[in-house]
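Below: the structure, in structure tokens.
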Amino acid sequence: MYASVDEFMQPVIEKHPGETEFHQAVREVAESILPILPQHPVFIEERILERMTEPERAVIFRVPWVDDQGKVQLNIGYRVQMNSAIGPYKGGLRFDKSVNLSILKFLAFEQVFKNSLTTLPMGGGKGGADFDPIGKSDREVMRFCQSLMTELVNYIGPDTDVPAGDIGVGAREIGFLYGQYRRMTKKFHGVLTGKGPEWGGSLIRPQATGYGVVYFASEMLAKNGDGIHGKTCLVSGAGNVAQHAVEKINQLGGKVIAMCDIKGAIYDPEGIDEDKLAWIKDLVYVKRGFLDQYAEHFKVEFRPGENVWQIPGAQLAFPCATQNELKLEDAKALVANGVELVCEGANMPSTPDAAQYLKQNGVLFAPGKAANAGGVAVSCLEMSQNAQHLYWSKEEVEGKLYDIMVNIHKNCMTTAEEYGEDGNYVAGANIAGFLRVARAMLSQGVV
Ligand code: NDP
Ligand code: 2IT
């Protein structure tokens, strides 16, 4: 047994040098799991946590493509297949210029615990490329997706590994990827999720992550007899997760006064209502524009290069953009401004010191791997529908999503309580996610 988290981390850092995001994600889980291992000596004996920190497989490949000027462009493609003890690898693809192996390993690692929490049969994986979609034409995105899939096709399948969207990968990209997969394999089946509703996509999948995050926050507040109604909120990001979080907050009677993207933040004290949100959806997905245009159009304040966390007047905060976007100084501003709850829509958006500061100062804090699991959960519902060759109604899927989020919340709470960490959603999520995968790995031997 390890004397400290540092001792556990030492070989992880030595074997995966320079992968800071991956180290951060593993350390956060180790902090929750190492203290409970003495209650499960067989997991120590069988080195379950050590095995979980090593990907089953990671592939890296060249993605060449030709731009609109006829020039050859080159990107790096990846698929990290982290753990398949409880089901086929499942997790998104990210296209962003920051993508590297460390980021995808952290995301794949988080995905293992998240997918376990859903209680559905999904292992964890993640992939993507250092491709920057900003400023690329539809044709360029299509050629890139076709080139990426020409290699990725070798590693995926409906019972092997089922990718989906993430940052920079939405309906357009999933369409191009699916088209190339179908052309190469001559198969029409559920190999990707987040597909269009006409060709196998589940209703509510686009909304699922954002809606699920807000359902999770509602459950956290309901514990104290409170709710979203009448609350003022900050939401970072302006993409898939952020937009649908705003939509659900509005539906439940809350008000969102700020959002942001890579160019900066908008501050709209009157609230981003349904009509303004529809304008943002068109801006982001049709015009491929940025929020500075919202500020200009609706005559509200734009804060160039800033995030939303310094903006006063809110009680609830939803980080829905990217990893490490909420830093210690932001956490301090949130506490000083009276924020009561931080519910993570993005994966690992709070830095470790920020998360600790929020918890120490009495802010209700939910980690992404629990709160944003609604997206992958509905992805699994999409796989079920595809396997049965039928579609479920919007109401049916949203009802199942709601039940799943309520259950994840309950599981995090009761597990935290059981292990003496009452009210600690981070410990509850890590332990509950770990136990299911650990038991499956134990049953399946040293593989
Ligand atoms: P999108 O690409 O749809 O949106 C991402 C948003 O975040 C964009 O508005 C983008 O701005 C902004 N953003 C990205 N990087 C930065 C940055 N460095 N600084 C400021 N803003 C930034 O992605 P998603 O909404 O799908 O994903 C958001 C987060 O949620 C990610 O952490 C993802 O891993 C996580 N997630 C996603 C799920 C899903 O189903 N899609 C499921 C669970 C988690 P701009 O457009 O200007 O680049
Ligand atoms: O981080 C995530 O959970 C996702 N990007 C969604 C994964 C999925 O397979 O739907």
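One-based numbering, in listed order, for ligands and for the atoms of each. Keep in mind that what you see is a predicted model, and the values were worked out from it rather than measured. The analysis underlying the following values was restricted to heavy atoms, covering all of them including side chains, and did not include hydrogens, waters or symmetry mates.
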Point to revise | Cation over ring face, Lys187 and Tyr181, 6.0 Å, 45° | key: no
Review point. Atoms of ligand 2 less than 4.0 Å from Ala164 heavy atoms?
Key: 8 (C), 9 (O), 10 (O)
Check your understanding: Which atoms of ligand 2 are found less than 4.0 Å from any heavy atom of Gly92?
Key -> 7 (C)
Practice item. Name the closest protein heavy atom to atom 35 (C) of ligand 1, giving the residue it belongs to and the distance to 0.1 Å. Key: Asn347 ND2, 3.7 Å
Review point. Which ligand 2 atoms are under 4.0 Å away from a heavy-atom of Gly165?
Key: 4 (C), 5 (N), 6 (C)
Exercise for review: Could you tell me whether a side-chain N or O of Thr118 sits under 3.5 Å from a main-chain N or O of Ala377, the two making a donor and an acceptor?
Suggested key: no
Review point. Taking the non-hydrogen atoms of Lys114, is any one of them nearer than 4.0 angstrom to ligand 1?
Key: yes
Exercise for review: Identify the protein heavy atom lying closest to atom 3 (O) of ligand 2, giving its residue, its atom name and the separation to 0.1 Å.
Suggested key: Lys114 NZ, 2.7 Å
Review point. Hey, is ligand 1 close enough to Asp166 that some N/O pair sits below 3.5 Å?
Key: yes
Check your understanding: Can you find a protein heavy atom under 4.0 Å from atom 10 (C) of ligand 1?
Key -> no
Practice item. Ignoring hydrogens, just give me the one of Val213, Val169, Leu291, Val241 whose non-hydrogen atom is nearest atom 24 (P) of ligand 1. Key: Val241
Practice item. Answer with yes or no after comparing the ring centroid distance for Trp279 and Phe298 against a 6.0 Å cut-off, counting only values under it. Key: yes
Review point. So which protein heavy atom does atom 41 (N) of ligand 1 come closest to, and at what separation?
Key: Asn240 OD1, 3.7 Å
Exercise for review: With heavy atoms only and a cut-off of under 4.0 Å, state how Tyr285 meets ligand 1: side chain, backbone, both or neither.
Suggested key: side chain
Review point. How does Arg94 reach ligand 1, by side chain, by backbone, by both or by neither, if only non-hydrogen atoms under 4.0 Å count?
Key: side chain
Point to revise | Closest protein heavy atom to atom 27 (O) of ligand 1, given as residue, atom name and distance to 0.1 Å | key: Ile167 CG1, 3.7 Å
Exercise for review: Could you find the nearest protein heavy atom to atom 19 (N) of ligand 1 and give me its residue, atom name and distance?
Suggested key: Ile262 CG2, 3.9 Å
Exercise for review: With heavy atoms under 4.0 Å as the rule, classify the contact between Glu110 and ligand 2 as side chain, backbone, both or neither.
Suggested key: neither
Practice item. Pick one of side chain, backbone, both or neither for how Arg205 approaches ligand 1, counting any non-hydrogen atom pair under 4.0 Å. Key: side chain
Review point. Side chain, backbone, both or neither: which part of Cys320 has a heavy atom under 4.0 Å from ligand 1?
Key: backbone
Study note, to complete from the structure: Heavy-atom closest pair (Cys412 atom, Leu117 atom, distance to 0.1 Å) is SG-CD2, 4.5 Å
Check your understanding: How far apart are the C-alpha atoms of Phe106 and His23, what are their side-chain angles, what is the distance that settles it, and do they pass the ring-ring contact (aromatic ring centres under 6.0 Å, His included) test?
Key -> CA-CA 8 Å; Phe106 116 66; His23 303 162; over 10 Å; no
Point to revise | Nearest atoms (heavy-atom pairs only) where Glu21 meets Met348 | key: O-CE, 3.8 Å
Review point. So, the side chain of Gln207 versus the backbone of His244: is there a donor-acceptor pair under 3.5 Å, distance only?
Key: no
**Study point:** ligand 1 versus Met348: contacting region, heavy-atom distance under 4.0 Å
**Key:** neither
Check your understanding: Is the closest heavy-atom distance from Arg205 to ligand 2 below 4.0 Å?
Key -> yes
Review point. Taking N or O atoms only and a 3.5 Å limit, does Val162 qualify as a polar contact for ligand 2?
Key: no
Review point. What's the shortest distance from atom 12 (C) of ligand 1 to any protein heavy atom, and which residue and atom give it?
Key: Ala321 CB, 4.0 Å
Point to revise | Protein heavy atom at shortest distance from atom 9 (O) of ligand 2 | key: Lys90 NZ, 2.7 Å
Practice item. Compute the shortest N/O to N/O distance between Ala238 and ligand 1 and return yes if it is under 3.5 Å, no if not. Key: yes
Check your understanding: Any idea which of Pro206, Gly239, Gly210, Gly168 brings a heavy atom closest to atom 2 (O) of ligand 1?
Key -> Gly168
Check your understanding: Should the heavy atoms of other residues, nucleotides or ligands under 6.0 Å from CD of Gln444 be counted, would the total exceed 12?
Key -> yes
Review point. Tell me: protein heavy atom nearest atom 39 (C) of ligand 1, and distance?
Key: Thr209 OG1, 3.4 Å
**Study point:** Lys126, any N or O under 3.5 Å of ligand 1 N or O
**Key:** no
Check your understanding: So, does Lys126 sit close enough to ligand 2 that a heavy atom of it is under 4.0 Å from the ligand?
Key -> yes
Check your understanding: Non-hydrogen atoms of Gly170 versus ligand 1: any pair closer than 4.0 Å?
Key -> no
**Study point:** Residue portion contacting ligand 2 (non-hydrogen atoms closer than 4.0 Å) for Leu107
**Key:** neither
Revision key, fill the gap. Per-atom filter on ligand 2: closer than 4.0 angstrom to a heavy atom of Ser379 are 8 (C), 9 (O), 10 (O)
